[in-house]
*Asks:* 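Okay, handing you the structure first.
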Amino acid sequence: MAKKKWYVVWRGKKPGIYSTWAECEKQVKGFKGAKFKSFPSYEEAEAAFNNSTLKPEAENGSYITESISVDAGSHGNPGPVEYRGVYTKTEEIVFAHPGFKKGTNNMAEFLGIVHALQYLKEQKSAMPVYSDSATAIGWVEKKKANSTLVEDADSREIWEEIRRAENWLKEHTWDNPIYKWDTNNWGEIKADYQRK
RNA sequence: ACAUCU
DNA sequence: AGATGT
Ligand SMILES: [Mg+2]
Ligand SMILES: [Mg+2]
């Protein structure tokens, strides 16, 4: 038989350090997104539990429910695209674009974030905006959508909207932080179209 | 590789 | 299995 092990549960029903697999399993079974690992000594387990930075998939805290979450949907990529924003806490849809004839996933993710900033500025709200698109968040920060989509008759509409959005970003300020939605730890963003 | 879209 | 992006 192997030597005694210690079990750290970072995310489970009750996070903590457990001395038996049975106890650990109790905290972890049926808990979506559970994070746990065994250690050969209590010292190592304690260090790992406290040093949340050196965990397998380090994660701290959760998301802010008082926020807007945006997401894009498409039928093919490139293809017809749309975006929408929801109130994270309730999943209530607060805005939705009817769709563009042809665009890319990243263009629609970008337009969704910008629309959220415009909407929240109008509401005089500084609540955060969540997006699961690292690409689109980067484009908003640079105020430049670096899409490779060729502009033709079908994509002209979205390209014009992209230019309007870039111009709006350059001409306005906002107080809303834009955060990356951590899909791996939190599941699909609340604005997701559930097509996958 | 990472983050997305089908 | 394919495309959009850093
Ligand atoms: Mg998305
Ligand atoms: Mg989605």
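Note on naming: letters A, B, ... go to the chains in the order of the sequence lines (proteins, then strands), and numbering restarts at 1 for each one. Atom set for the values below is all heavy atoms of this structure, side chains included, hydrogens, waters and symmetry mates excluded. Every value quoted in this text rests on a predicted model; they were computed, and no experiment measured them.
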*Asks:* Looking at A/W139, does any N or O in its side chain come under 4.0 Å of the phosphate oxygens OP1/OP2 on C/dT6?
*Replies:*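 True: A/W139 side-chain N/O within range (under 4.0 Å) of C/dT6 OP1/OP2.
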*Asks:* Taking CD from A/E109 and P from C/dG5, how many angstroms apart are they, rounded to a whole number?
*Replies:*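 Taking CD of A/E109 and P of C/dG5, I get 11 Å after rounding.
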*Asks:* Verify the distance criterion only: is there a donor paired with an acceptor across the side chains of A/D152 and A/S155 at less than 3.5 Å?
*Replies:*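 A pair is found: one side chain offers a donor N or O, the other an acceptor, under 3.5 Å apart.
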*Asks:* Which of residues 73-83 of chain A have a heavy atom under 4.0 Å from DNA chain C?
*Replies:*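 Those residues whose heavy atoms fall under 4.0 Å from DNA chain C, taken from residues 73-83 of chain A in numerical order, are A/N77, A/P78.
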*Asks:* Can you classify the ring geometry of A/W174 versus A/W168 as parallel (below 30°), tilted (30 to 60°) or perpendicular (above 60°)?
*Replies:*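 Answer is parallel, since the angle falls under 30°.
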*Asks:* Nearest whole Å is fine: how far is C/dG2 P from A/N105 CG?
*Replies:*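 Atom CG in A/N105 sits about 16 Å away from atom P in C/dG2.
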*Asks:* Does a donor on one side chain sit under 3.5 Å from an acceptor on the other, for A/E25 and A/Y18?
*Replies:*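 Absent: no donor and acceptor within the cut-off.
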*Asks:* With sugar-phosphate meaning primed atoms plus P, OP1 and OP2, does A/N106 contact a base, only sugar-phosphate, or nothing at under 4.0 Å between heavy atoms?
*Replies:*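 Contact class for A/N106: base.
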*Asks:* Kindly say if A/K180 contacts the phosphate of B/C2, meaning a side-chain N or O under 4.0 Å from OP1 or OP2.
*Replies:*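 No, A/K180 has no side-chain N/O under 4.0 Å of OP1/OP2 on B/C2.
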*Asks:* A/E141 has an atom CD; how far is it from atom P of C/dG5, in whole Å?
*Replies:*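 After rounding, the reported distance stands at 17 Å.
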*Asks:* Please check if atom CZ in A/R163 has more than 12 non-hydrogen atoms from other residues, nucleotides or ligands closer than 6.0 Å.
*Replies:*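 Yes, because the 6.0 Å sphere around CZ of A/R163 holds more than 12 heavy atoms from other groups.
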*Asks:* Can you tell me if the side-chain N/O atoms of A/S133 get under 4.0 Å from OP1 or OP2 in C/dG5?
*Replies:*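 Indeed not, no polar side-chain atom of A/S133 lies that close.
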*Asks:* Just the rounded figure in Å: distance from P of B/C5 to CD1 of A/I113.
*Replies:*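 Atom CD1 in A/I113 sits about 12 Å away from atom P in B/C5.
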*Asks:* Could you give the CG-to-P distance, from A/L149 to C/dA3, as a whole number of Å?
*Replies:*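 Going from A/L149 (CG) to C/dA3 (P), I get 14 Å.
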*Asks:* Any salt bridge between A/R156 and A/E160, counting N to O under 4.0 Å?
*Replies:*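 Yes, charged N to carboxylate O under 4.0 Å.
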*Asks:* Return no unless some side-chain N or O of A/T183 is found under 4.0 Å from OP1 or OP2 of B/U4.
*Replies:*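 Indeed, a polar side-chain atom of A/T183 lies that close.
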*Asks:* Hey, what's the ring geometry for A/Y179 with A/Y130, parallel, tilted or perpendicular (30° and 60° as the breaks)?
*Replies:*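 A/Y179 and A/Y130: tilted rings.
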*Asks:* Can you check the A/D132 CG to C/dT4 P distance for me, whole Å?
*Replies:*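 After rounding, the gap between these two atoms is 18 Å.
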*Asks:* Rounded to the nearest angstrom, tell me the gap between atom NZ in A/K142 and atom C1' in C/dG5.
*Replies:*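 These atoms are roughly 10 Å apart.
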*Asks:* Return the value, rounded to whole Å, for the distance between atom OH of A/Y130 and atom P of B/U4.
*Replies:*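 In whole Å, B/U4 P lies 14 Å from A/Y130 OH.
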*Asks:* Kindly state whether the ring of A/W186 and the ring of A/Y63 have centres lying under 6.0 angstrom apart.
*Replies:*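 Ring centres of A/Y63 and A/W186 closer than 6.0 Å.
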*Asks:* Look at A/N184 and B/A3 and indicate whether a side-chain polar atom (N or O) is within less than 4.0 Å of OP1 or OP2.
*Replies:*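 Checking A/N184 against B/A3: at least one side-chain N or O falls below 4.0 Å of OP1 or OP2.
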